[in-house]
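Notes to accompany the following structure.
Numbering of ligands and ligand atoms starts at 1, following listing order.
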Amino acid sequence: MAASLVKVEIAQDSAWDAAVDLLAIGLFENEPLTGVLKEVDARLGGVIQDALSRNECKGEWLASWDTATLGMMRPRRLLVVGLGEKGEFDLRRLRLAAGFSAQKARDVRATALAWSVPPLTADASDMADVMTDGIIVGTWRFAKYSRDSDGYALQEAQLFDLPPGGQPGLSRGQVLAHAENYVRELGMRPSNKLYPQLMAEEALKTGREHGFEVEVFDEKKLAAMGMEAILGVGSGSEHPPRLVAMRYHGGGNRTLALVGKGITFDSGGISLKIPAGMEEMKFDMLGAGAVIGAMRAIAELKIPLNVVGIVALAQNIPSGTSIKPGDVVKAFNGKTIEVINTDAEGRVVLADAVSYAADLRVDWIVEASTLTGAALTVLGHEATALVAADDGLASLVLQASEASCERVWRLPIYPEYKRLYRSNTADIKNSPGRDAGTITGGMIIAEFAGETPYAHLDIAGTAWTPTSPLNGTKNGPTGVMVRTFAKLAEILSH
Ligand code: BES
Ligand code: ZN
Ligand code: MN
C-alpha cells in the first residue's frame, strides 16, 4: 500500500516556486482572481483570467481546470479547484477538495503535489489535519487481487500559505488517514479472505503494532459466557463467530466503549437476500472495522482516556445448522430475542456485544453498524443516522462528528415505537418491520445497554459510497467514524 505513504509537509515561501509536478489552487465561486491565483496568473501571462472569462475555469464546487505551465513557473502543471460559495466553505469542504486534488494528481501521474491552502476562518492545525487527511485518504487505492498494478504513487504533498500553527494537525491527519485507509482495506476484503477468525487476528496484529491489548473470545468461550445471540447468528457458517475486546489505557478513571458490528458477510441467512448487490454485503463488518481503526488511531494519538473496543464478528449464511425464523436466543445480559428475520442479524450480535460493554461498567457506549437499508432510504450516502436517548451523549457525538467532517443526523426516539418490537415468545423480537426501521434498530440494541449512556450510529449509507471526491476507486469503503470516534475520545478526555 505504498500509495498511502505520501509525506505531507508544511512549506514556506511561494507556492509558485514549489518543486512539484502539480500545484493546486482554490477558486471561490463568483470571486475575482486574488492572492496567489492572481500572482500565478501574471506568471502564466493571464491564461487563468482568459479561461475564467471564457467560463472554462470556474469556481463552482469541484469544478476543475488545469494547464501545463510550459516553464513559466516551477510546478509543471497548475490545477484550479472550484471551492463553491465562499460562505459555504468549511473544514469539511477543505478535506474533500484535498481528496479531489489527489484524484487529479493521479490523472496526470504527479508524484509531488503542492497546495496553496485556501483562506478559511479556522484553526491552522485543524486545516493542516483535514488537508493531510484528505490527501492521504484521496490517494488510497485498494491493491487489487491481481498481478497488474499501475505503479503510481503520490510521494509528497506540500502545504503552502497555511496560517502559522499547523504542525500538530499534520501528524494528527496522518494518523487518522492511515487508520481510515486500514479500515477501507478491511472493507474491500471479500468474506473468503476476511472471516471472523481472520478479522480477530487483524485486531490482534493492530493491537501489537499500535499499543493496545486484545482479547479474543472463540466459540467455546462465547458459549461459556452465555452469548447465544452471536453464536446463533454465526451458527450457519463453517467460520465460527468471535467477540474481540480491545483495551487502551489512556489514563483517568473514565472509560469509553466503542462497539462495532462485524458481519464479515451478510447473505441474510435463511431469510436470504436477493442476489442483486449481495456481493456488497462483504462491507457489513465496517462498524467493527471503524472500531479497530479508531482504537489504532486513539492509541497512536495517545489520547488520555481509557477506551475499550468491542467487535462482534460473525458470518450470516444459510445452512443446515443456521439460526431459523422463530428461533429464540438469550443474550449475555439474560434478555431473550425472537429471531423473526435472520437478515436482521446485526442487532442480534450487538445484543451480546453491547451487554458485554455495559457489564464492564464503562461510562459511555457508542456503537456503529451497517444496520439498516432504511438508513440509506432516509439519509442516502450523505449522513450517518444517530439514535440515542441520552441528550448529553448525543450532543457530544454530534459535536465530534461536526469537528471531524463526518455528517451525523439524529433521529427521534418515541416510546410508541416500542410496541413494534414486542414479542409473544421472548422479551423482544428482532424484526419490527419497515416502519421507522432505523430507529427501532437502534432502540432494540439500546435494550442491551441497560443504564449506561448509549448512542447508536447507523453507517449503512456512509460506510460504503458509490462516489466521493475522497474515493478514487469510486464504489467503495470510506473508513467513516474513525475520525469521529477519535474526536469523541478527545472531547471526553477533557
Ligand atoms: N446489513 C444489512 C443492512 C443493509 C442493507 C445495509 C442494505 C446496506 C444496504 C442488515 O443486516 C439488514 O439486512 N437489515 C435489514 C433489517 C430488516 C430485516 C429489519 C434491512 O435493512 O432490510
Ligand atoms: Zn447486516
Ligand atoms: Mn442482514
[X], portion touching ligand 1 at heavy-atom distance under 4.0 Å:
| X | value |
| --- | --- |
| Met278 | neither |
| Glu280 | neither |
| Leu371 | backbone |
| Phe283 | side chain |

Would the Tyr356 and Phe217 ring centres measure less than 6.0 Å apart?
yes
Any carboxylate oxygen within less than 4.0 angstrom of a Lys/Arg side-chain nitrogen, looking at [X] and [Y]?
| X | Y | answer |
| --- | --- | --- |
| Arg95 | Asp129 | no |
| Lys261 | Glu367 | no |
| Asp150 | Lys144 | no |
| Glu402 | Lys487 | no |
| Arg172 | Glu490 | yes |
| Lys324 | Asp327 | yes |
| Arg92 | Glu406 | no |

Do any protein N, O or S atoms sit under 2.8 Å from the Zn ion (ligand 2), and which ones are they?
Lys261 NZ, Asp266 OD2, Asp284 OD2, Glu345 OE2
So which protein heavy atom does atom 21 (O) of ligand 1 come closest to, and at what separation?
Gly373 N, 2.7 Å
Atom 2 (C) of ligand 1: the protein heavy-atom neighbour that sits closest, reported with distance to 0.1 Å:
Asp266 OD2, 3.5 Å
Does Arg434 come within less than 4.0 Å of ligand 1, judged by its heavy atoms?
no
Would you say Lys261 has any N or O atom under 3.5 Å from an N or O of ligand 1, going by distance alone?
yes
The Mn ion (ligand 3) to nearest N/O/S of Asp284 below 2.8 Å
no
Which N, O or S atom of Asp266 lies nearest to the Mn ion (ligand 3), by name:
OD2
Residue Glu345 atom name (nearest to the Mn ion (ligand 3); N/O/S)
OE1
Is the charged tip of Arg296 near the ring of Tyr182: under 6.0 Å from the six-membered ring centre and within 45° of its axis?
yes
